[in-house]
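These numbers come from a predicted model, not from an experiment. Numbering of ligands and ligand atoms starts at 1, following listing order.
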Amino acid sequence: MGSLLIKNGSLVLPDAIINADIYIEDGKIKSIGTDLSEKADKTLNAEGKLIFPGIIDEHVHCREPGLTYKDNFTNCTKGAAAGGTTTILEMPNTLPPVENVKAFTEKAELLSGKAFVDFGLYGVLHNSNLDQFEPLVEAGVVGFKVFLGPTTGNIPPPSDGALFRILEKSAKHDVTIAFHAENNDIVNFFTSELSRSGSNDPEEHMKARPPVAEEEAIRRIGLFALRTGGRALIVHVSSKEGVNAIRELKHLKANVFGETCPHYLLLNSSDYKKYGPLIKVNPPIRTEEDRLALIDGIADGTISNLGSDHAPHSAEEKKGDIWKAASGIIGVQTLFPLALHMALSGVISLNVLPKILSESPAKLFGLYPNKGALQVGSSADLVIADPKGSWKIKEEDLYATYPTTPFVGWTLKGKIAYTVLRGEVIYDGSTVIGPKGTFVKRIKK
Ligand code: NCD
Ligand code: ZN
């Protein structure tokens, strides 16, 4: 495997930025210090560059198997590597859904060998497969996804009884449940009422999924988490009400965490006019007030995780009637670049990046401290970025089958110089090298 010495970088840690060298051997960080003089097979000069732990994108829908007309695992993980991400956690709403051990094992086998970054797999839970919880944990899922509201894949929401049982099992087995938190009935009621009104204004999608739908689902999950001790990650939090609910639940000592995504931090309802169905996503992009509440949530730790919710669809599916268009925005390649841009622009702090993009995902999904930390003994997964550089996002730079994102044309502060996976360069600032990714399982305690 060999050795790598990275000289003179600025290591961005959750509590400090330190100037240091990193020496890597056999895929692991062997030492961190000043003036390291180990003889390495390869040396990288990181003078003037920022070094972060490799990004763990905990929320990715790569669409393989079954939905590869939208995108595929090769493109998805190439995009990840080019975007500074070294591990992705792949969502289970593929075809067939990952609802039993057979689907899990077949998906892991299918994707192994195609991966340009390391990957873990979620299982999905619904009313009819609660008995698969333990076998899927035993097989090595990193966690489970539960869809409470209607979304891509039409996986029906569990009953409240099943939801309670899922959180009991989460506590018993120390496994995180990632929730798509929207009240199914509220969303269906408003959607059918508004879609019948005849308006095709893209903003109607936002109105059809009001903040109370998100808030109610979060508070219900939170109550059950409090009573069971189960651990819940509320993914893609989009509203002020959602942030407030998580903040209150945390004060009550519920085991509840919040994730948001770059599109909720960088866009608001005024963008529907410009982008139309391209920015249709569940839950919806909301008002400026919601956007600012999410930024505050990151600042005070209520929102502890940032994921891309990379959700590709074909160009055809992302056009036309707002009610018929598919929900989801691509993002695996732009997660870290957009986060770095926000940090270098002063919207969020630089030190929060390793927490929300690496440490917290690794801790919640059983990968820490092998992954998610820049420390001796950890896997040598890192991303090296030039804070003085910039990246103008162009369609031809994006690996997704349909490189349509609202961020095309944006010029971001900062540029990735290298992505390093287990001590090997997998992206050198222009080319993705691999596939070198491996399948990772949750570390059992
Ligand atoms: C996701 C998808 O397309 O898989 N869509 C979305 O709008 N976010 C599903 C999801 O995460 O809800
Ligand atoms: Zn979702």
Query - Among I348, L353, L350, the one residue meeting side chain to side chain contact (heavy atoms under 4.5 Å, CB included) with M342 - result: I348

Query raised in the report: Looking at I356, L335, T86, which one forms a side chain to side chain contact (heavy atoms under 4.5 Å, CB included) with I55?
Result: L335

Query raised in the report: After noting the C-alpha distance and the side-chain angles of K273 and D201, does the key distance pass the salt bridge (charged side-chain N to carboxylate O under 4.0 Å, His left out) rule?
Result: CA-CA 8 Å; K273 270 190 194 64; D201 181 342; over 6 Å; no

Query raised in the report: Taking side chain as C-beta onward, heavy atoms only, is H180 less than 4.5 Å from T151?
Result: yes

Query raised in the report: Does some side-chain heavy atom of F147 sit less than 4.5 Å from a side-chain heavy atom of N184?
Result: no

Query - Any side-chain donor near an acceptor of the partner, N188 and T191, under 3.5 Å - result: no

Query raised in the report: With a 3.5 Å cut-off and no angle check, do the side chains of H205 and N282 form a donor-acceptor pair?
Result: yes

Query raised in the report: List-wise, which protein N, O or S atoms are found short of 2.8 Å from the Zn ion (ligand 2)?
Result: H180 ND1, H236 NE2

Name the closest protein heavy atom to [atom], giving the residue it belongs to and the distance to 0.1 Å.
atom	result
atom 11 (O) of ligand 1	H61 NE2, 3.1 Å
atom 8 (N) of ligand 1	D309 OD2, 2.8 Å
atom 2 (C) of ligand 1	T152 OG1, 3.2 Å
atom 5 (N) of ligand 1	S327 O, 3.2 Å
atom 7 (O) of ligand 1	N282 N, 2.8 Å

Query - Structural part of N93 in contact with ligand 1, heavy atom criterion under 4.0 angstrom - result: side chain

Report task. Mind checking whether H236 contacts ligand 1 via backbone (N, CA, C, O), side chain (CB onward), both or neither, at a 4.0 Å heavy-atom cut-off? Result -> side chain

Per-atom contacts of ligand 1 with [X], taking only distances under 4.0 Å to non-hydrogen atoms:
X	result
H59	11 (O)
T151	5 (N), 9 (C), 10 (C), 12 (O)
K145	11 (O)
H313	3 (O)
H180	10 (C), 12 (O)
V281	7 (O), 8 (N)

Query raised in the report: Would you say M91 touches ligand 1, if touching means a heavy atom closer than 4.0 Å?
Result: no

Query raised in the report: Taking the non-hydrogen atoms of R63, is any one of them nearer than 4.0 angstrom to ligand 1?
Result: yes

Query raised in the report: What is the minimum heavy-atom distance between E424 and K436, and which atoms define it?
Result: OE1-NZ, 3.0 Å

Query raised in the report: Is it true that the NZ or CZ of K250 lies under 6.0 Å from the centre of F257's six-membered ring and within 45 degrees of the ring axis?
Result: yes

Report task. Mark yes or no: K363 above the aromatic ring of Y368, with NZ or CZ under 6.0 Å from the six-membered ring centre and no more than 45 degrees from the axis. Result -> yes

Query raised in the report: For G429, does its backbone N or O pair with a side-chain atom of Y427 as donor and acceptor, under 3.5 Å?
Result: yes

Query raised in the report: Are F119 and F73 close enough that their ring centers fall under 6.0 Å?
Result: yes

Query raised in the report: When the ring centroid of H173 is compared with that of F133, is the distance short of 6.0 Å?
Result: yes

